[in-house]
Amino acid sequence: MTRLSNAFSKSHPALVCFVTAGDGDTAANLDALVEGGADVIELGMPFTDPMADGPAIQAANIRSLNAGTTTADVLRIARKFRDRHPDVPLVLMGYANPMIRRGPDWFANAAKEAGVDGVICVDIPPEEDDALGPQLRDAGIAPIRLATPTTDAKRLPQVLEGSSGFLYYVAVAGITGMQQAAIESIEANVSRIKQSTDIPVAVGFGVRTPEQAAEIAEVADGVVVGSALVELVGEHGADAPAKLRELTAGLAKAVHSAAKGAA
Amino acid sequence: MASTANTFRNQPDERGHFGDYGGRYVAETLMPLVLDLEREYRKAQADPEFQREFDDLLEHYVGRPSPLYHAERLTEALGGAQVWFKRDELNHTGAHKINNCIGQILLAIRMGKTRIIAETGAGQHGVATATVCARFGLPCVIYMGAEDVRRQSPNVFRMKLLGAEIVPVTSGRGTLKDAMNEGLRDWVANVEDTFYIIGTAAGPHPYPEMVRDFQSIIGKEARAQMLDRIGRLPDLAVACIGGGSNALGLFHPFLDDREVKLLGVEAAGHGLDGDEHAASLLGGFPGVLHGNKTYLLQDEDGQITEGHSISAGLDYPGIGPEHAWLKDTGRVEYTAVTDEEALEAFQLLCRTEGIIPALEPSHAIAAVAKRAKEMPKDSVILANLCGRGDKDIFTVAERLGVEM
Ligand SMILES: Cc1ncc(COP(=O)(O)O)c(C=O)c1O
C-alpha cells in the first residue's frame, strides 16, 4: 500500500486540498489543511504562465513568484511537510516547464527525495508522456493524469495507460475556479470512467462549498478543492491558516459522511 | 546535418515533432480539439476546392503574388551583394499575417466553427484576424496585453472598426504571452464553437506546420520569381523572427536548395549580454510553453522571462519549434540585431528606396546591410519585407526625439 492508495481506501471518500507553494506561510497553510481533515495534499508549483488556471490561482502563482519562490523552495516545503506528516500523501501539481527544466530525471529524483507521492503535470498529455512519465514511474512517483468532459471513450484508455495514484476528473471544460458542472453530468462521466479502471477517481474544478463537495462525494472516490482555499490565502495572508482549517473541516465533514461507493 | 530522407522539408513527424521540438503539450481538455484540428487540416489539404478558395482569396483579396523588387539604390548604398525584396508589406492589411489568417478562417468555416479568437502583440495579427472575420461575417475576440492596447492604439481602433471585440489582458505581466495564455483559456472554456487562429508558427501541433504551410506562399512565389527574373536562386535569404512565421514562409521552399544560405534575424533589443532582448534561439534554452517544446527565454527554474524589443511584433519569449530544429541541424543560421541597428536600417530603407518598413523587417534589413557589404557584387540576397511601417511611425518618432 502506498500513501495515496491508503488515502483512497479509507471507509469514506477522500478530500483533496490544493494550495500554491510559496503563497503565504505554506507550512502553516498545509498543516491547517491536514488538521481540518484533508486526506490528500496537492501542492501547486508556481509558474509564470498557468494556462489552465483561472484568476484565483493565477494570482496565487504571481504572489508566490513575486515573493521569490524557487523550485528548491517548493521541494523544501514538500520535504518538511513529509517530516511533519509521514502518512499524508502529497502531490505536486504544475506545468511542464518548471518540472523538466533541469531534466526529467533530476525532477523525478528530487521529488522522490522530498517525499512526494504523485505529480500532476497539466500540460503533458499522454501523447507527450516521454517528457516526464517514464522518469516519474522509475522513481516510484505516481503520474496522475487528468480526464475532462472532452475525453471521449476512444481516448480514455490512452489517458489511463501509465497513470496511477488517482485519476483527476476535471468536471468542466474550462479553467480552474469557474462554475461547477451539473451533478448529473459528473455522475455519468465518473461512472463511465470507473467502468474502465480500478484507479480511484477524484473530481475537481469549480467545487467551492461543503454542499457541492457532499454532492460529488456521493458519486466519486474523491473531491478536489483549490480556488476557494487559494482565495482565503490571498485574502487573509498570515491569518489564512485558521480560515483554511475552518473551510477544510466543513468540506471534510461533508465529504467524509458521503456514502462510499454510491457511484 | 542531413535529415533522414535527405530533405529538410519533411518535418514534422506524425506526432508533430520537429526532432526533439514541437509536439502537443496542452491540457487534456484541448487535446481532443487539436487532434480534431489535425484531422480536419489533413482533409482540407487533400481537397482541391480548399486550395482553390485559398488561392483565389490570396489573389483577389490579399493582392498576391506580391512583387519581387530589386532594391538598386539600397544595393548601391551598401556596395556589395544585390539586394532583392519580397514585398509582402504590400499585402492587404500591410503584413504577411493575412496569408495565414485566410487559410485558418477557411478551415474554421469548414469545421463549422462560429466564433473566432486570436492573440495579438503589436496588433498586426489582430488586425488581419479581425479583417478575415469581417470578410466572412464571424464574431471575433482579440486578446491583447493591456500594455500593448495602450501603446498600439491605432491598431486597436482598426480592429474595432472591423467589428472585433478587444479584450485587454491584465493577467500575468499583460504582454503578448499573457494574451496567448488568455486565448488558450478562452478556447478550453468554449470548445464546441470556437476556433483559435494562432498568429505565428508556434503552439501545439498542427499549428506550427499549418501556419508554415499557409505562409509558404511567400517562398514559393519568391523562388519562382527569382528564377524568372535572374535565372537563378539567391545566395542568401534573410527574414526577421518573432514567432517565426514569415521566416519559415520564406525559407521552407528553399530548405533543400543547399546552395541558398538562410539567415534568421532575432531581436537583440538592448543587446544579447543583458536580459533586455527577445532572442529565444540565441539567448534562450529549450523548454515547454504554449503547447510546444522549443527555445524559450526563461530563468534557471523554468520561469518564463519577458522579451524586449523596439518592435512589438518580435518581443515574444518563444519561437516556432521548426526554427529550434533548423538551428540544431545547422540548416539555418541565426543572428540578432539591436534596437539601434534596426532603427538605422528603418531610416536607410526609407531614404534609399522610398519604402517605410515595419520595425520587424527592419531587423532583417539591418542584417542584410551587414552581410551585403561582405559579399561580392554579383551575389544575390533575398529578404522578406514582411510588413509596412505605418503602425510604427509613433514609436520611431519617440525614439528619434521627434514630437508629432
Ligand atoms: C510585420 C511583422 N513582421 C514580423 C512579425 C513577427 O512574427 P513572425 O516571426 O511570426 O513572422 C510580426 C508580428 O506581429 C509582424 O507584424
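The structure displayed is predicted, hence computed values, not measured ones. Here is the naming used below: chain letters follow the sequence lines, and residue numbers restart at 1 for every chain.
For A:D73, no part lies under 4.5 angstrom from a heavy atom of chain B. With a 4.5 Å cut-off on non-hydrogen atoms, A:R145 does not touch chain B at all. If you measure heavy-atom distances from A:Q58 to chain B, the contacts under 4.5 Å come from the side chain alone. The contact between A:I175 and chain B is made by backbone and side chain atoms together, counting heavy-atom distances below 4.5 Å. For A:A147, the part sitting under 4.5 Å from any heavy atom of chain B is the backbone (N, CA, C, O) and nothing else. Neither the backbone nor the side chain of B:D186 comes within contact range of chain A, judged by heavy atoms closer than 4.5 Å. If you measure heavy-atom distances from B:H17 to chain A, the contacts under 4.5 Å come from the side chain alone. Proximity to chain A is limited to the side chain of B:L289, based on heavy atoms less than 4.5 angstrom apart. B:E192 does not touch chain A: none of its heavy atoms, backbone or side chain, sits under 4.5 Å away. Looking at A:P50, both its backbone and its side chain come within 4.5 Å of chain B, counting heavy atoms on both sides.
Highest contact tally toward chain A, considering only B:P32, B:S171, B:G23, B:A27, is held by B:P32 [criterion: heavy-atom pairs under 4.5 Å]. Considering only heavy-atom pairs separated by less than 4.5 Å from chain B, the leading option among A:D123, A:V122, A:I100 is A:D123. Between chain A and the options B:L33, B:L35, B:N181, heavy-atom pairs under 4.5 Å are most frequent for B:N181. Chain A forms more heavy-atom pairs under 4.5 Å with one residue of B:E182, B:K293, B:Q298, B:H290 than with any other, namely B:Q298.
For A:T48 (side chain) and B:Q303 (main-chain N/O), no donor-acceptor pair under 3.5 Å exists by modelled atom type. Side chain of B:D301 to main chain of A:T70: no donor-acceptor pair is present (N/O by atom type, distance under 3.5 Å, no hydrogens or angles).
Contact of the B:E28 side chain with the A:V170 side chain is not registered, since no non-hydrogen atoms from C-beta on lie closer than 4.5 Å. Looking at heavy atoms from C-beta onward, A:Y95 lies out of side-chain contact with B:V288 at the 4.5 angstrom threshold.
With sequence neighbours excluded, the residues forming a side chain to side chain donor-acceptor pair (under 3.5 Å) with B:Q124 are B:N155, listed by chain and number.
Once rounded to the nearest 0.5 Å, the distance linking OG1 of A:T148 with CE of B:M31 reads 11.5 Å.
A:P125 approaches B:Y25 most closely through the heavy-atom pair CD-CA, 4.1 Å. Closest of all the heavy-atom pairs between B:R24 and A:E127 is NH2-CG, 4.0 Å.
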What verdict does the side-chain contact (heavy atoms from CB on, under 4.5 Å) test give for B:M180 and A:M51, after you've listed the backbone C-alpha separation in whole Å, the side-chain angles of each residue and the deciding distance to 0.1 Å?
CA-CA 9 Å; B:M180 190 143 178; A:M51 272 123 18; over 6 Å; no
Chi angles and distances behind the side-chain contact (heavy atoms from CB on, under 4.5 Å) call for B:R15, A:D130
CA-CA 12 Å; B:R15 294 166 61 215; A:D130 286 355; 4.3 Å; yes
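Within a 6.0 Å sphere centred on CG of B:D275, other residues, nucleotides and ligands contribute 12 heavy atoms or fewer. The 12-atom threshold is exceeded at NZ of B:K113, counting heavy atoms of other residues, nucleotides or ligands nearer than 6.0 Å.
With respect to A:D53 and B:R185, no salt bridge is recorded, no charged nitrogen being found less than 4.0 Å from a carboxylate O.
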